[in-house]
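As structure tokens, the structure follows; a few thoughts come after it.
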Amino acid sequence: RLGGHRGPDLGGRLGSVILRMATTLELVLLYLVAAVLGGVFLRTRISPLMTGVGPVEAAVVLTRELTRLEHAADLPDLVVSLGSAGSAKLTQAEVYQVSAVSYRDMDASAFGFEKGKTPFLDLPVSVDLPLRIPGIPAASLSTGANVVSGAAYQAIDADMVDMESFAVMRACHAFNLPLIGLRGISDGRNDVNHIDDWTQYLHLIDKKLALAVDGLQSALEDGVFWF
């Protein structure tokens, strides 16, 4: 079993937690959080890398950090992306793990490409994230640079929406790193008209994401998956 420390930011790695095994093998997990989210409960467990809001900021921040770690021969074994999501289908303030992620901003259909598919990139419209934490329900996710509200959900073929995960996944692909995505549902039941409609459940999501982090580390300790 993995033994040891579950505290934040060990060994000078921003956003990383080191899990040490009794066999002296260790796993390094890099945790990411978008702006605002990351309250008292998460911060008792991790000191995450803050990506900022939206796919561009997430791609820039994570790629820069992974490049720095690669140059230091210090890449993590696993990237864990934490954040909020909107959904008109799922239970508000509950946490789901990302089963697959798509990019709703991509539309080259005028050139004959399937909507959502990036031209000349050998990936399907919806890309599976195969790692699963026991006990946490899974849901599909659509990433884009807009806040989705009301009737706009009807045009999206995914259970939930966010603004970072597809960009995070592509940065992970560039460094051949596995990714786990965890999202708490912050809004979507009603139309979004003010930032308070997004932030009203973040304190609950913070606590539940912290419990999900505990579940992930327990799964690693129990050998549910290995790297």
Side-chain angles (χ1 to χ4, degrees), residues 32-39 41-42 51-59 80-109 113-118 123-170 179-213 215-216:
L32 316 176
V33 174
V36 179
L37 189 63
F41 290 100
L42 273 175
T51 66
V53 176
V56 174
E57 296 308 308
V80 184
S81 177
L82 308 170
S84 64
S87 179
K89 303 175 182 178
L90 303 176
T91 303
Q92 306 289 284
E94 289 300 325
V95 167
Y96 297 83
Q97 56 190 322
V98 180
S99 60
V101 61
S102 56
Y103 185 28
R104 65 180 178 272
D105 290 347
M106 179 54 65
D107 185 359
S109 55
F113 294 95
E114 182 181 1
K115 189 177 186 298
K117 183 172 178 60
T118 301
L123 284 177
V125 169
S126 183
V127 183
D128 289 341
L129 298 185
L131 299 181
R132 295 285 185 275
I133 305 169
I136 300 177
S140 58
L141 177 66
S142 168
T143 292
N146 64 311
V147 174
V148 179
S149 178
Y153 278 105
Q154 297 174 18
I156 296 172
D157 186 21
D159 299 318
M160 52 186 179
V161 297
D162 83 340
M163 301 176 75
E164 294 85 27
S165 290
F166 193 91
V168 167
M169 179 194 69
R170 291 295 292 130
L179 171 67
I180 286 178
L182 294 166
R183 288 292 181 271
I185 306 303
S186 57
D187 56 87
R189 178 180 297 165
N190 303 305
D191 288 356
V192 175
N193 299 301
H194 189 272
I195 194 170
D196 291 346
D197 297 326
W198 170 45
T199 60
Q200 62 180 328
Y201 294 130
L202 292 188
H203 64 293
L204 298 175
I205 291 170
D206 170 53
K207 184 174 183 179
K208 292 179 180 181
L209 283 174
L211 294 174
V213 167
L216 167 60

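Residues A85 and L141 approach most closely at CB-CD1, 4.5 Å, considering heavy atoms. Counting all heavy atoms, side chain and backbone alike, A158 lies closest to S140 at CA-OG, 3.4 Å. Considering all non-hydrogen atoms of both residues, A58 and V168 come closest at CB-CG2, 4.1 Å. A139 approaches L90 most closely through the heavy-atom pair CB-CD1, 3.7 Å. What you find for Q92 and I185 is that their closest heavy atoms are NE2-CG2, 3.3 Å. The two residues G181 and L129 have their closest heavy-atom pair at N-CD1, 4.4 Å.
Atom NZ of K117 is surrounded by more than 12 heavy atoms from other residues, nucleotides or ligands within 6.0 Å. The environment of CG in D105 is crowded: more than 12 heavy-atom neighbours from other residues, nucleotides or ligands sit within 6.0 Å.
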message: Set out, in order, the CA-CA distance, both residues' side-chain angles and the distance that settles side-chain contact (heavy atoms from CB on, under 4.5 Å) for V53 and E164, then state yes or no.
response: CA-CA 7 Å; V53 176; E164 294 85 27; 4.0 Å; yes
message: Before you tell me yes or no, could you show the steps for T51 and V33 under side-chain contact (heavy atoms from CB on, under 4.5 Å), namely the whole-Å CA-CA distance, both residues' side-chain angles and the distance that decides it to 0.1 Å?
response: CA-CA 6 Å; T51 66; V33 174; over 6 Å; no
task: Apply side-chain contact (heavy atoms from CB on, under 4.5 Å) to L202 and S84, showing your working.
output: CA-CA 8 Å; L202 292 188; S84 64; 4.1 Å; yes
- request: In sequence, state the C-alpha distance, the side-chain angles, and the governing distance for V161 and Y153, and then conclude on side-chain contact (heavy atoms from CB on, under 4.5 Å).
  value: CA-CA 9 Å; V161 297; Y153 278 105; 3.9 Å; yes
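Once rounded to the nearest 0.5 Å, the distance linking CD1 of I180 with CG of L82 reads 10.0 Å. The line from NZ of K89 to CE of M160 is 11.0 Å long, rounded to the nearest 0.5 Å. To the nearest 0.5 Å, the span separating CG on D159 from OG on S142 amounts to 10.5 Å. Atom-to-atom distance recorded for F166:CZ and T118:OG1 is 5.0 Å, nearest 0.5 angstrom. The distance from atom CD of Q97 to atom CG of L216, rounded to the nearest 0.5 Å, is 9.5 Å.
Judged purely by atom type and a 3.5 angstrom limit, K208 uses its side chain to pair as donor or acceptor with the backbone of A93. Judged by distance alone, the side chain of D191 and the main-chain N or O of S149 form no donor-acceptor pair under 3.5 Å. Listed for the Y103 side chain is no donor-acceptor partner under 3.5 Å among the backbone atoms of A167. Side-chain atoms of D107 come within 3.5 Å of backbone atoms of S109 as a donor-acceptor pair (strictly under, hydrogens ignored).
A donor-acceptor pair shorter than 3.5 Å can be found between the side chains of R183 and S165.
At least one side-chain heavy atom of I156 sits less than 4.5 Å from a side-chain heavy atom of V148. Residues S81 and L182 fail the side-chain proximity criterion, which asks for heavy atoms closer than 4.5 Å. The closest side-chain heavy-atom distance from M169 to T143 is not below 4.5 Å.
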